[in-house]
Amino acid sequence: MNFDSPATTNSEQLSSRVVATGLLATGLALLTMVLALTAFDYWSSRKAMLADSRVEAAIVADNVSTAVMFRDAHTTEEMLGALRASPMVLMAGIYDAQGVLLASYQRDGDQVAPGTLPGGGNGDFEYQSLYLLEMAKPVKFRGKSSGSIYLRKSMAEVYTHLVIRFGGALLIAGGTMALATALVLRSRAAVGEAENRLQVLAHQDAVTGVGNRHFFNERLAHEIARASTLGSKLALVYIDLDNFKALNDTFGHAAGDGLLRQVAQRLQSVVRAGDDICRMGGDEFSVILRLDMDEAALGSYAGRIVAVFEKGFVESDQEVMVTCSAGIATYPGDAPDRDSLISSADTAMYRAKDLGKNRCERFDASMNLAAVRRHAIEKALRQVLEDGQGLALHYQPVFSAGDQKMIGAEALLRWSHDKLGNIPPLEAVMVAEECGLIVRLGYWVVHTACRDAARWQAQSQDPLRVAVNVSARQLNDPQFLERVMDILREEGLPAHLLEIELTETVLMENMDACASTLHRLSQLGVHLAIDDFGTGYSSLAYLRRLPMKRLKIDRSFIRDLPEQEHSRMIVKAIIALSHGLGLAVTAEGVETQAQIDYLVGAGCDVLQGFAFARPMPVEQFEAMQGKR
């Protein structure tokens, strides 16, 4: 399975261009700075050389004034010899009042001073070129001019100095650029590796290595679109392990995960190369296959799937027998779209369970038991949202990793019906999504959680933050922001004590539309968190664009800690990435002391799970709060 997407490739190319442009701009800036410094150094060196030359000329003029007055050429030449200490002086000459050379000095190999004073004989001039400096200054005796001193200097020393300084600056700039380039490339490689891991993580089930639910949704939508275009058919097989929960409870989660891996491997051994195996979550799998076979061949295909469970599985040195119930539905024969195809395959799978399990059933229109139950749940949900009877919130405490002090709680929906019994939250939410009641149900949860949290605040000097989950439809409600703020004002709960949790799928469904709402909520003080991180669409893009405060690592990555190296690497990468982006990190599903110790050592900020407390009714939670 290839989990890369064109969007990821385009993003990497754009990132490479941006980095290259940034490095080029930095290099040009450094080069410009070196050139500017060199130009300034050249100007200041010429200026200093001219000033030094004036001082030298004045000193020599004072020393030879008497000798010039008395035309003592020998003494004058001896005094000019003092200029030998200045390596830049090429020649010097002393001229009498008529501009005739009286005495001279020249460095070995250099030209002799001219016989008459250059510059017209006025005895006071300065001339500069790129390579030479010439000047003449009057020699005065008792305030009267008795002659002139003429100096010619080389600029070679200045240029030698500039070359050394320029070369050193270039070396420093080049070293800086090389170091910056190495650091940028290393950082990009680390970020790219983390993004690649998260990209794979977004599509690959962490336990079994096959596609996850996100990959399933993308692949199924693609295959349905292809079949619709080509006029071909598609089949979907839904597989659920029989009595897996009992086996998981008996042998433990680690053994359960090992069993799931073996199941995935066996399924891969019997399906065709072009078919896609996905783990939908828990003990459910699916197979997407292009239907290029008749009904008899499809039945034989299903038989091979069921047959892989005939032989026992060996896990934790014990042999366990596991069977499966499977259902098959086809597009477009059994369902006209993706959702109905999934529903039909799911209905057929539950029909196989009703018929005794360890079998595969082909969907037909008479299989409406699931539809009947969904209708009953929908009717009951409409009634309960009117009178509020049967709905309740349980709270699971969350704890600071450092001192393991309780700092808040997550609100979890519970529903008990007099006829339908205890309805699983996921089933209730799925029905609410399907029938359009999820927005009303979501506001009931927010309102109830804020009311309870406001009561806790009044009872304690150390208030707790309450976290609630929000669905995509609720977030896209135009009145969402207003409704949340109305609830906070009505219940008297400070905005910073409410945390709204959103899954990656919710964030990615309509990024542009929800970004403004989330930024406004953050500005008002409401905390925002990403729930079940790593199980949806993982990308750094939305982490940069949205004002998230917290990231919650999905329990599937915590389960194998600290034994499994793969899980350790993923958890460390997520924590490092989150802290680098300024996000706090919560670990869900913490169940053992070993997991606690590892997560604390890895730098996790907040812990949540059965190792601390299970979800509990509000009365029990308030009693626990009172014992803090």
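Sequence positions, counted from 1, serve as the residue numbers for this chain.
By the 6.0 Å contact criterion, CE on M69 is open, its count of non-hydrogen atoms from other residues, nucleotides or ligands being 12 or less. More than 12 heavy atoms of other shown residues, nucleotides or ligands fall within 6.0 angstrom of atom CZ in R465.
Between R152 and Q106, every side-chain heavy-atom pair lies at or beyond the 4.5 Å cut-off. Side-chain contact between T66 and T75 is absent, with no heavy atoms from C-beta onward closer than 4.5 Å. By the 4.5 Å heavy-atom criterion applied to side chains, P494 and L497 are counted as neighbours. The side-chain heavy atoms of I553 and F533, taken from C-beta on, include no pair separated by under 4.5 Å. At least one side-chain heavy atom of P547 sits under 4.5 Å from a side-chain heavy atom of L528. With a 4.5 Å cut-off on side-chain heavy atoms, L518 and I500 do not count as touching. Put simply, the side chain of V606 does not reach to within 4.5 Å of the side chain of V585, judged on heavy atoms. Annotation: side chain of L498 is in contact with side chain of V468 (closest heavy-atom distance under 4.5 Å).
Applying the ring-ring contact (aromatic ring centres under 6.0 Å, His included) test to F612 and every residue at least two apart in sequence or in another chain returns F399. For the salt bridge (Lys or Arg N to Asp or Glu O under 4.0 Å) test, residues two or more places apart in sequence or in another chain that qualify with R489 are D486.
Screening residues 63-79 for salt bridge (Lys or Arg N to Asp or Glu O under 4.0 Å), with sequence neighbours left out, gives R71-D96.
For the atom pair E499 CD and E501 CD, the distance stands at 5.5 Å (nearest 0.5 Å). Separating the OG atom in S148 from the CE atom in M135 is a distance of 13.0 Å, to the nearest 0.5 Å. Between the CD atom of E157 and the NE2 atom of H161 there is a distance of 10.5 Å, given to the nearest 0.5 Å. For the atom pair CD1 of I596 and CG of L561, the computed distance is 12.0 Å after rounding to the nearest 0.5 Å. Put simply, CG on L151 and CG on L83 are 6.0 Å apart, with the number rounded to the nearest 0.5 Å. Of the inter-residue distances, the one linking D532 atom CG with T503 atom OG1 reads 7.0 Å to the nearest 0.5 angstrom.
A salt bridge links D124 and K137; the closest N-O separation between the charged side-chain nitrogens and carboxylate oxygens is under 4.0 Å. Between K153 and E134, no side-chain nitrogen of the basic residue sits less than 4.0 Å from a carboxylate oxygen of the acidic one, so the salt-bridge criterion is not met. Residues E126 and R54 are paired through a salt bridge, judged by an N-O separation under 4.0 Å between the basic side chain and the carboxylate. Salt-bridge formation is not detected for the pair E482/R520: no Lys NZ or Arg NE/NH1/NH2 atom is positioned less than 4.0 Å from an Asp or Glu carboxylate oxygen.
For the residue pair H519/Q523, the side-chain donor-acceptor check at 3.5 Å is not satisfied. Using a 3.5 Å distance cut-off with no hydrogens or angles, the side chains of R279 and T208 do not pair a donor with an acceptor.
Note on ring orientation: taking the six-membered ring where Trp is involved, the planes of Y159 and Y42 are parallel (angle under 30°, cut-offs 30° and 60°).
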